[in-house]
Amino acid sequence: MKTLVDPSNALAQGLAALRSQFKVPVAFPPDVLAAAETAAKRVPTEHVDRTALPFVTLDPATSTDLDQAFAIETAGSDLLLRYAIADVAWFVDDGDAIDVEAWARGTTLYLPDGKAGLYPPVLAEGAASLLPDGPRPAVIFIVRVAPDGSVKLDGAERAIIRSRAKLAYDSVRDSDLPPDFAELARRITAAEDARGASRVDPPEQEVDRQADGSFELQFRPRLEAEDRNAALSLATNLAVADALQAHHTGLFRVMPAPDAHAVVRLRNTARAFGLSWPADVSLECYENGLSANDPRQAAFMLAIRRAGGGAAYQPYRDGVVPWHAPMAATYAHATAPLRRLADRYVVRAALAVANGQPVPEVVAQAFEKLPPVMAHADATGGQIDRAVIDLAEAAALKDRVGEIFGAVVTDLDQKGARIQLSDLPVVARVDAHGVEPGDTVRVRLTGADPERRAITFVRIN
């Protein structure tokens with residue numbers, strides 16, 4: 001599929017307006033920066049030396065806020081994943097200026113022209129980031145992965161580590177990684193299949209900044225290294241969630257499954273796409289066999305994602321099993337504390353539980369206060385992501401008004417038909433009747449306004 005470029009730089013101009021509209025922080029207050037500079041010099045005193053372990057990181061090539069590093073070894077038929085997580089709590093004290101600012105932000109916001117970090121760069125991209133330029137404090141979760149992919153938290157410790165290499169998804173070689181990296185990912189995937197997990201990762205629209213400062217809109221396919229790396233994080237989050245739930249504490253990520261009405265609608269969508277979904281096969285089993293490399297299957301994966309309820313955070317409650325339907329498991333976020341506020345507290349709780357210590361009261365109290373804070377931050381991030389895509393589409397198409405495009409209907413709702421252009425990474429709506437998901441249509445672009453971040457099409461057949 002072709003990419004869309006922004007030849008007149010309209011997108012760059014629109015991003016400034018978008019930042020203003022969503023009140024994206026421009027910089028950190030002086031007192032926060034000063035506190036971060038001081039905290040960055042803090043010498044670890046509660047950490048064991050694990051610099052002999054061969055940790056590496058694996059991220060997008062341009063990332064500098066590195067939350068995770070990993071090392072893998074065998075233990076009989078099991079694999080031991082040592083997942084090192086940036087020890088943000090070592091640098092941030094409860095109630096200090098950095099902490100207060102982090103609670104106001106909730107998450108790191110990512111935009112094509114730069115991010116608004118959760119923590120100042122001197123920490124997030126320096127002293128706390130697991131970069132390979134020196135020893136770093138971390139919390140190591142030791143996760144035991146059985147041959148069937150089941151996981152258990154074997155321990156946790158504060159440690160000093162030294163990353164051997166900063167690896168990138170698009171250039172990593174198998175020889176760069178631990179020998180059992182692929183096998184560990186395979187086990188986690190097998191366990192997902194066995195429990196009926198329905199996690200889907202369809203290709204997504206993405207706006208990338210190019211070397212010359214211009215921007216490009218494209219569908220970004222997921223790379224195999226990215227999926228395998230995600231399995232390590234998944235294994236850790238599952239193990240941490242089980243440990244916290246067993247000790248009657250924690251903050252969990254929950255998400256409902258599509259209801260019965262949504263499943264019926266999805267079956268109609270699959271039929272319209274020409275996809276064979278046997279009546280006796282559940283949605284969970286069926287979607288596990290879908291491929292993001294097939295345009296119709298990828299479109300159906302997007303339909304599945306939209307059919308489910310939204311994810312949320314939920315603190316521990318007696319008698320309640322927190323459930324994440326796509327994971328088909330109890331699940332927590334613990335592996336990205338540089339980018340998500342909640343993870344810092346989940347890491348602290350897991351560290352305490354794994355070492356037979358009580359969860360600090362300030363952490364337990366935070367679990368009650370975090371859900372609305374994270375919900376607001378997640379909503380803002382989602383609105384910004386959608387606005388960036390809308391802006392990119394309008395900016396790239398503003399000189400093509402009047403042109404006719406082929407498209408596929410991906411979904412129907414009360415607003416009309418959702419379409420995906422056949423040759424460009426554009427998703428839009430059109431007022432169309434008598435069509436079903438999977439139908440091909442031809443549409444004319446009648447408007448593209450970067451200032452309003454809007455594009456309009458009319459169906460011509």
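The figures that follow rest on heavy atoms only: side chains count, while hydrogens, waters and symmetry mates do not.
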A.B. asks: Can you tell whether the side chains of Arg386 and Glu393 come within less than 4.0 Å, N to carboxylate O?
C.D. replies: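 Salt bridge between Arg386 and Glu393, a charged N being under 4.0 Å from a carboxylate O: yes.
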A.B. asks: Between Ile142 and Arg144, is any pair of side-chain heavy atoms under 4.5 Å apart?
C.D. replies: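 Side-chain contact under 4.5 Å: no.
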A.B. asks: Heavy atoms, side chains only, cut-off 4.5 Å: are Val346 and Phe367 in contact?
C.D. replies: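 SC-SC contact between Val346 and Phe367 confirmed.
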A.B. asks: Return a table of donor-acceptor pairs under 3.5 angstrom between the side chains of residues 245-254 and protein atoms on other chains or two or more places apart.
C.D. replies:
from: Gln245; atom 1: NE2; to: Val320; atom 2: O; distance (Å): 3.2
from: His247; atom 1: ND1; to: Ala243; atom 2: O; distance (Å): 2.9
from: Arg253; atom 1: NH1; to: Asp378; atom 2: OD2; distance (Å): 3.4
from: Arg253; atom 1: NH2; to: Asp378; atom 2: OD2; distance (Å): 3.3

A.B. asks: Taking atom CG of Asp174 as the centre, does the number of heavy atoms from other residues, nucleotides or ligands within less than 6.0 Å exceed 12?
C.D. replies: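 Counting other residues, nucleotides and ligands, CG of Asp174 stays at 12 neighbours or fewer.
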A.B. asks: Could you tell me which non-hydrogen atom of Val362 sits nearest to which non-hydrogen atom of Asp94, and how far apart they are?
C.D. replies: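 In this case the closest contact between Val362 and Asp94 is CG1-OD2, 3.3 Å.
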A.B. asks: Classify the side-chain pair Thr335/Ser233 by whether it contains a donor and acceptor separated by less than 3.5 Å.
C.D. replies: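 Indeed, the side chains of Thr335 and Ser233 share at least one donor-acceptor pair under 3.5 Å.
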A.B. asks: Can you pull out every side chain to side chain donor-acceptor pair (under 3.5 Å) where at least one residue sits in residues 130-141? Sequence neighbours excluded, please.
C.D. replies: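 Output for this query lists Asp133-Arg136.
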A.B. asks: Under 3.5 Å, which donor-acceptor pairs do the side chains of residues 79-93 form with other protein atoms, sequence neighbours left out?
C.D. replies:
from: Arg82; atom 1: NH1; to: Glu73; atom 2: OE1; distance (Å): 2.4
from: Asp87; atom 1: OD1; to: Trp90; atom 2: N; distance (Å): 3.4
from: Asp87; atom 1: OD1; to: Arg158; atom 2: NH2; distance (Å): 3.3
from: Asp87; atom 1: OD2; to: His47; atom 2: NE2; distance (Å): 2.8
from: Asp87; atom 1: OD2; to: Arg158; atom 2: NE; distance (Å): 2.7
from: Asp93; atom 1: OD1; to: Arg42; atom 2: NH1; distance (Å): 3.4
from: Asp93; atom 1: OD2; to: Arg42; atom 2: NH2; distance (Å): 3.4

A.B. asks: For Gln365, does the CD atom have more than 12 heavy-atom neighbours from other residues, nucleotides or ligands under 6.0 Å away?
C.D. replies: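 Check passes, neighbour count above 12.
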A.B. asks: Enumerate donor-acceptor pairs with a distance under 3.5 Å from any side-chain N or O in residues 325-333 to protein atoms, sequence neighbours excluded.
C.D. replies:
from: Thr330; atom 1: OG1; to: Pro322; atom 2: O; distance (Å): 2.9
from: Tyr331; atom 1: OH; to: Asn237; atom 2: ND2; distance (Å): 3.3
from: His333; atom 1: ND1; to: Tyr313; atom 2: OH; distance (Å): 2.8

A.B. asks: Work out which heavy atom in Phe28 is nearest to a heavy atom in Gly117; give both atom names and the distance.
C.D. replies: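 So the minimum-distance heavy-atom pair works out to CZ-O, 3.3 Å.
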A.B. asks: Between Arg50 and Phe55, is NZ or CZ placed under 6.0 angstrom from the six-membered ring centre and within 45° of the ring axis?
C.D. replies: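 Checked: cation-pi criterion not met.
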A.B. asks: Over 60° means perpendicular and under 30° means parallel, so classify the ring planes of Phe70 and Phe181, tilted if in between.
C.D. replies: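 Correct class here is parallel.
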A.B. asks: Looking only at heavy atoms, which two atoms of Ile161 and Ala69 are closest? And how far apart?
C.D. replies: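 Between these two residues, the closest heavy atoms are CD1-CB, 4.0 Å.
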A.B. asks: For Trp323, enumerate each residue passing the ring-ring contact (aromatic ring centres under 6.0 Å, His included) test, keeping only those at least two apart in sequence or located in another chain.
C.D. replies: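 Per chain and number, Trp323 pairs via ring-ring contact (aromatic ring centres under 6.0 Å, His included) with no residue.
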A.B. asks: Does any part of the side chain of Arg228, heavy atoms only, come nearer than 4.5 Å to the side chain of Leu177, both counted from C-beta?
C.D. replies: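 No; the side chains remain at least 4.5 Å from each other.
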A.B. asks: Checking Lys369 against Tyr345 for the side-chain contact (heavy atoms from CB on, under 4.5 Å) test, could you report, in this order, the C-alpha distance in whole Å, the side-chain angles of both residues, the deciding distance, and whether it holds?
C.D. replies: CA-CA 11 Å; Lys369 297 185 292 184; Tyr345 294 92; over 6 Å; no
A.B. asks: Do Ile98 and Leu123 have side chains that get closer than 4.5 Å, going by heavy atoms?
C.D. replies: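 When only atoms from C-beta onward are counted, Leu123 and Ile98 do touch, with a gap below 4.5 Å.
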A.B. asks: Does Gln21, at its CD atom, have more than 12 non-hydrogen atoms belonging to other residues, nucleotides or ligands within less than 6.0 Å?
C.D. replies: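 Counting neighbours around CD of Gln21, more than 12 heavy atoms of other residues, nucleotides or ligands fall under 6.0 Å, so yes.
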A.B. asks: Give me the atom names and distance for the closest heavy-atom approach of Leu391 to Pro450.
C.D. replies: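 Of all heavy-atom pairs spanning Leu391 and Pro450, the closest is CD1-O, 3.5 Å.
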A.B. asks: With rounding to the nearest 0.5 Å, note down the distance linking CG in Asp78 to CG in Asp180.
C.D. replies: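 One finds 11.5 Å between CG of Asp78 and CG of Asp180.
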A.B. asks: Enter the distance from Asn229:CG to Leu234:CG here, rounded to the nearest 0.5 Å.
C.D. replies: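 Nearest 0.5 Å value for the CG-CG distance: 11.5 Å.
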A.B. asks: How many angstroms lie between CD in Gln383 and CG in Leu109, if you round to the nearest 0.5 Å?
C.D. replies: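 It comes to 11.0 Å.
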A.B. asks: Between Leu351 and Asn355, is the side-chain contact (heavy atoms from CB on, under 4.5 Å) condition met? List the steps.
C.D. replies: CA-CA 6 Å; Leu351 182 62; Asn355 289 281; 3.7 Å; yes
A.B. asks: Only one of Pro132, Pro54, Ser129, Pro135 passes side-chain contact (heavy atoms from CB on, under 4.5 Å) with Ser163; say which it is.
C.D. replies: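 Checked Pro132, Pro54, Ser129, Pro135 against Ser163; only one passes side-chain contact (heavy atoms from CB on, under 4.5 Å): Pro132.
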A.B. asks: Roughly how far apart are Leu18 CG and Asp390 CG, rounded to 0.5 Å?
C.D. replies: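 So the gap between those two atoms works out to 9.5 Å.
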A.B. asks: Of Lys166, Lys115, Arg340, which meets salt bridge (charged side-chain N to carboxylate O under 4.0 Å, His left out) against Asp65?
C.D. replies: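 Looking at Lys166, Lys115, Arg340, the match for Asp65 under the salt bridge (charged side-chain N to carboxylate O under 4.0 Å, His left out) is Lys115.
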A.B. asks: Locate the shortest heavy-atom distance separating Leu58 from Ala225; write the atom from each residue and the value.
C.D. replies: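 Here Leu58 and Ala225 meet closest at CD2-O, 3.8 Å.
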A.B. asks: What's the verdict on side-chain contact (heavy atoms from CB on, under 4.5 Å) for Arg339 and Leu118, showing C-alpha distance, side-chain angles and the deciding distance?
C.D. replies: CA-CA 6 Å; Arg339 291 169 281 170; Leu118 178 61; 5.8 Å; no
A.B. asks: Is the backbone of Val363 close enough, under 3.5 Å, to the side chain of Arg348 for a donor and an acceptor to pair up by distance?
C.D. replies: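 No; zero donor-acceptor contacts below 3.5 Å.
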A.B. asks: Would you please name every residue forming a side chain to side chain donor-acceptor pair (under 3.5 Å) with Arg195, sequence neighbours left out?
C.D. replies: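 So Arg195 forms no side chain to side chain donor-acceptor pair (under 3.5 Å) with any residue.
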A.B. asks: To check you understand the geometry: which heavy-atom pair defines the closest contact between Ala191 and Ser150, and what is its length?
C.D. replies: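 Here Ala191 and Ser150 meet closest at CB-N, 4.4 Å.
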A.B. asks: Please assess Leu341 against Met374 for the test side-chain contact (heavy atoms from CB on, under 4.5 Å), listing each intermediate value before the final yes or no.
C.D. replies: CA-CA 8 Å; Leu341 173 65; Met374 297 306 296; 4.0 Å; yes
A.B. asks: Got a donor-acceptor contact below 3.5 angstrom from the Ser171 side chain to the Leu167 backbone?
C.D. replies: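 The answer is no, because no donor-acceptor pair under 3.5 Å joins these two groups.
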A.B. asks: Look up atom CG in Leu338 and atom OG1 in Thr107, then write down how far apart they are to the nearest 0.5 Å.
C.D. replies: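 One finds 13.0 Å between CG of Leu338 and OG1 of Thr107.
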A.B. asks: Roughly how far apart are Arg164 CZ and Thr51 OG1, rounded to 0.5 Å?
C.D. replies: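 Spacing of CZ (Arg164) from OG1 (Thr51) equals 7.5 Å.
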A.B. asks: Are any of the side-chain nitrogens in Arg317 or Glu368 under 4.0 Å away from the carboxylate oxygens of its partner?
C.D. replies: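 Yes, charged N to carboxylate O under 4.0 Å.
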A.B. asks: Less than 4.5 Å apart, side chain to side chain, heavy atoms only: is that true for Tyr110 and Asp385?
C.D. replies: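 No - every pair of side-chain heavy atoms lies 4.5 Å or more apart.
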